[in-house]
Amino acid sequence: MTEQLQADIKPGRLSQAEIEANFSDMHPPLERPEALIEADRCYFCFDAPCTTACPTGIDIPGFIQKIRSNNVKGSAHTILSENIMGGMCSRVCPTEVLCEEVCVRNTLEDQPVRIGLLQRFATDSIIQNKLQLFQRREDTGKRVAVVGGGPASLSCAHRLASLGHRVTVLNGAEKPGGLNEYGIAAYKTVNDFAQTEVDYILDIGGIDVRNGKSLGTDFSLADLRSEYDAVFLGFGMAGVNELGMDNDQVEGVIDAVEYIARLRQAGNKSELPVGRKVLVIGGGMTAIDVAVQSKRLGAEEVTIVYRRGEQQMGASQHEQDFAQTSGVSIRRWLAPERLLLTGNRVSGIQFEYTRLDDDGKLQGTGDTCELDADIVFKAIGQQVSWDAMGDTAQALELEHGRIAVDDNRKTSLPDVWAGGDCVNGGEDLTVVAVQDGKLAAIDIDRFLRRKSGLNNGLINGSGE
Ligand SMILES: Cc1cc2nc3c(=O)[nH]c(=O)nc-3n(C[C@H](O)[C@H](O)[C@H](O)COP(=O)(O)OP(=O)(O)OC[C@H]3O[C@@H](n4cnc5c(N)ncnc54)[C@H](O)[C@@H]3O)c2cc1C
Ligand code: SF4
């Protein structure tokens with residue numbers, strides 16, 4: 001980001017104490033008595049809808065029952081054997097549209113069992129105290145390259161390592177964790193939990209992490225295919241969509257994901273410059289996160305502008321409400337038309353009002369309005385940065401600009417799997433990426449054992 005202090009952009013809009021309070025834990029953990037009361041609310045449903053709604057299929061009534069019987073370690077084991085990032089997912093999953101949405105308690109009391117908080121209760125003490133619940137099976141001598149260090153890759157690496165394979169993680173960033181480390185809103189994952197969780201995952205052994213190593217720059221897909229027995233691709237979506245106006249490249253127009261990464265890595269958030277008037281263009285989770293975090297850094301007016309209506313926004317109703325109760329305004333049915341400039345710096349945007357025509361197509365009405373801004377955040381989605389990845393795109397079958405995979409997350413190449421945001425299909429959520437990595441690892445294991453006639457003594461592929 002270019003820092004331009006002559007516009008009203010500056011650090012320290014709030015005191016350090018205010019900023020610390022604003023970025024403290026969004027959903028503080030349950031104390032033990034609260035967890036027991038909450039666990040008692042579960043009906044332990046047969047064919048539990050909450051389990052079906054969980055993308056990683058965690059046995060939710062099973063882990064809640066173990067909390068009730070004071071078996072926290074067993075409860076964590078139930079969670080982590082399906083989702084090794086159960087700790088992070090308990091903090092960041094949009095439970096209101098997943099497990100908690102379908103909880104039968106909703107119909108009786110309009111108040112689901114707080115599954116996310118119970119999951120956090122069960123996993124926190126195990127992860128924070130580094131209590132290792134998994135061990136590697138006998139070494140198979142097989143080597144797998146895993147590209148990327150985010151949830152998809154780490155989940156895949158952990159499952160492969162637990163099954164006895166040797167894994168090399170090649171990660172472009174300086175730290176592992178992917179968007180858990182660089183993207184998730186700071187108040188959802190405090191106290192460096194992302195790295196604590198990565199350490200827990202790597203503690204199983206058999207995983208060699210090489211940071212600062214990028215596909216397309218330091219090695220090619222062909223290199224990996226010749227050097228390793230199998231390859232997993234989990235490089236996410238590093239490219240950001242442009243606003244599509246002629247002059248997108250002026251000062252003050254900032255990629256929201258890049259700013260959030262900077263915020264996540266800042267030792268002292270009060271030193272981070274923020275505008276007095278902030279406009280956010282987009283309607284998804286990234287738009288909500290950059291808007292709320294700007295507000296919490298002390299921006300005076302923060303407005304999310306979206307070209308369609310409330311129902312079409314990528315952010316759930318819960319997230320939209322959260323932004324609004326955090327002091328963010330949301331303006332809908334406005335499409336950015338032209339950046340307003342002072343010199344080479346943005347000072348606002350002219351928008352055109354929009355509506356849906358009789359065929360449901362979005363069209364401009366011809367009426368316009370202008371909104372002022374010191375900073376404009378682009379949050380209109382991301383894409384895979386194929387340009388930075390050499391001939392990777394040519395080697396693989398793609399769908400909608402992402403990698404095409406089958407149900408086992410296998411690509412069009414016989415020895416290459418992929419998962420997470422870089423594949424087509426599925427929602428762009430941490431929990432979905434974790435499930436992709438897990439499914440791919442189970443299939444890679446089958447492939448390696450079949451290929452080399454290795455004995456497969458596994459019952460469920462969990463590596464226990
Ligand atoms: C701002 C923001 C907020 C979000 N908030 C939430 C949330 O609250 N809850 C939720 O469930 N989801 C959230 N998401 C979505 C979630 O973070 C992603 O779906 C998830 O991280 C995808 O995991 P991944 O492993 O596929 O990719 P990523 O997490 O993006 O990881 C990709 C990894 O690949 C590496 N890499 C990239 N290119 C290369 C290369 N060429 N060579 C080697 N390595 C490479 C990167 O360094 C990174 O380590 C959010 C996303 C964003 C952008
Ligand atoms: S749906 Fe609700 S009540 Fe039923 S098992 Fe799941 S958490 Fe318990």
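Order of appearance sets the numbers: ligands from 1, and atoms from 1 within every ligand.
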> Which heavy atom in Gly87 sits nearest to a heavy atom in Ser90, and how many Å separate them?
Replying inline: O-OG, 2.7 Å
>> Within the 4.0 Å heavy-atom shell around Thr286, which atoms of ligand 1 are there?
In response: 1 (C), 2 (C), 52 (C), 53 (C)
> Around Gln128, counting heavy atoms of other residues, nucleotides and ligands shown, do more than 12 lie under 6.0 Å from its CD?
Replying inline: yes
> Within the stated cut-off of 2.8 Å, is an N/O/S atom of Cys50 closer than that to atom 2 (Fe) of ligand 2?
Replying inline: no
>> Can you report which non-hydrogen protein atom sits closest to atom 3 (S) of ligand 2, along with the distance?
In response: Tyr43 N, 3.3 Å
> Which atoms of ligand 1 sit under 4.0 Å from any heavy atom of Met389?
Replying inline: 41 (N)
>> Minimum distance, heavy atoms only, to atom 36 (N) of ligand 1: which one of Phe219, Phe235, Tyr182 is it?
In response: Phe235
> Which protein non-hydrogen atom lies closest to atom 8 (Fe) of ligand 2, naming both residue and atom, and how far is it?
Replying inline: Cys42 SG, 2.4 Å
>> Any atom of ligand 1 sitting under 4.0 Å from a heavy atom of Lys213?
In response: yes
> Taking only heavy atoms of Lys188, which atoms of ligand 1 are found under 4.0 Å from at least one of them?
Replying inline: 7 (C), 8 (O)
> Hey, which atoms in ligand 1 end up nearer than 4.0 Å to a heavy atom of Ala433?
Replying inline: 22 (C), 23 (O)
> Going by the atom numbers of ligand 1, which of them fall below 4.0 Å from some non-hydrogen atom of Ser214?
Replying inline: 42 (N), 43 (C)
>> Heavy-atom distances under 4.0 Å decide this one: backbone, side chain, both or neither, for Ile115 against ligand 2?
In response: side chain
>> Looking only at distances, can you tell me whether any N or O atom of Thr430, backbone or side chain, sits closer than 3.5 Å to an N or O atom of ligand 1?
In response: yes
>> Using a 4.0 Å cut-off to any heavy atom of Asp428, which atoms of ligand 1 qualify?
In response: 15 (C), 19 (O)
> Which heavy-atom pair separates Arg159 from Ser162 by the least distance, and what is that distance?
Replying inline: O-OG, 2.8 Å
>> Restricting to non-hydrogen atoms, name the atom on Tyr259 and the atom on Pro273 that form the minimum distance, rounded to 0.1 Å.
In response: OH-O, 2.8 Å
> Among Ile288, Val434, Val431, Asn171, whose heavy atom sits nearest atom 48 (C) of ligand 1?
Replying inline: Asn171
>> Under a 4.0 angstrom heavy-atom cut-off, which atoms of ligand 1 come close to Ile260?
In response: 1 (C)
>> For atom 5 (S) of ligand 2, what is the closest protein heavy atom, and at what distance to 0.1 Å?
In response: Cys45 N, 3.4 Å
>> Quick test of your reading of the structure: of Val384, Val147, Leu179, whose heavy atom lies closest to atom 51 (C) of ligand 1?
In response: Leu179
>> Other residues, nucleotides and ligands only: do more than 12 of their heavy atoms fall within 6.0 Å of CG on Asn191?
In response: no
> Can you tell which of Arg264, Met285, Met88 gets a heavy atom nearest to atom 50 (C) of ligand 1?
Replying inline: Met285
>> Using every non-hydrogen atom in the two residues, find where Arg41 and Arg114 come nearest and quote the distance to one decimal.
In response: NH1-N, 4.4 Å
> Just wondering, are more than 12 heavy atoms of other shown residues or ligands nearer than 6.0 Å to CZ in Arg402?
Replying inline: yes
> Can Cys42 and Leu118 be said to form a side-chain contact (heavy atoms from CB on, under 4.5 Å), step by step?
Replying inline: CA-CA 11 Å; Cys42 179; Leu118 285 174; over 6 Å; no
> What are the two closest non-hydrogen atoms of Asp421 and Leu429, and how far apart are they?
Replying inline: OD1-N, 4.3 Å
> How far is atom 45 (C) of ligand 1 from its nearest protein heavy atom, and which residue and atom is that?
Replying inline: Gly172 N, 3.7 Å
> Does Leu429, backbone or side chain, put an N or O under 3.5 Å from an N or O of ligand 1?
Replying inline: yes
> Is the closest N or O pair between Ile184 and ligand 1 shorter than 3.5 Å?
Replying inline: no
> What part of Val92, side chain, backbone, both or neither, has a heavy atom within less than 4.0 angstrom of ligand 1?
Replying inline: both
>> To check you understand the geometry: which heavy-atom pair defines the closest contact between Gly177 and Val198, and what is its length?
In response: CA-CG2, 4.1 Å
> Stepwise, does the side-chain contact (heavy atoms from CB on, under 4.5 Å) test hold for Asn180 with Leu154?
Replying inline: CA-CA 11 Å; Asn180 284 358; Leu154 291 174; over 6 Å; no
> Which ligand 2 atoms does Val104 reach within 4.0 Å, using its non-hydrogen atoms?
Replying inline: 1 (S), 2 (Fe), 3 (S), 4 (Fe)
>> Would Ser153 count as being in polar contact with ligand 1, using the rule that some N or O on each side must be under 3.5 angstrom apart?
In response: no
> Has Gly234 got any heavy atom lying under 4.0 angstrom from an atom of ligand 1?
Replying inline: yes
>> Suppose I only count heavy atoms of Gly183 and a 4.0 Å limit; which atoms of ligand 1 are within that range?
In response: 1 (C), 2 (C), 3 (C)
>> If you take the nearest heavy atom of each of Gly150, Pro151, Cys93, Gly420, which one is closest to atom 23 (O) of ligand 1?
In response: Pro151
> Is ligand 1 under 4.0 Å from a heavy atom in the side chain of Leu170, in the backbone, in both, or in neither?
Replying inline: backbone
>> Starting from atom 2 (Fe) of ligand 2, what is the nearest protein heavy atom, named by residue and atom, and what distance separates them?
In response: Cys103 SG, 2.4 Å
>> Contact between ligand 1 and Gln382 is defined here as a heavy atom of the residue under 4.0 Å from a ligand atom; is it met?
In response: yes
> Which of these, Ala152, Pro55, Pro176, has its nearest heavy atom closest to atom 25 (O) of ligand 1?
Replying inline: Ala152
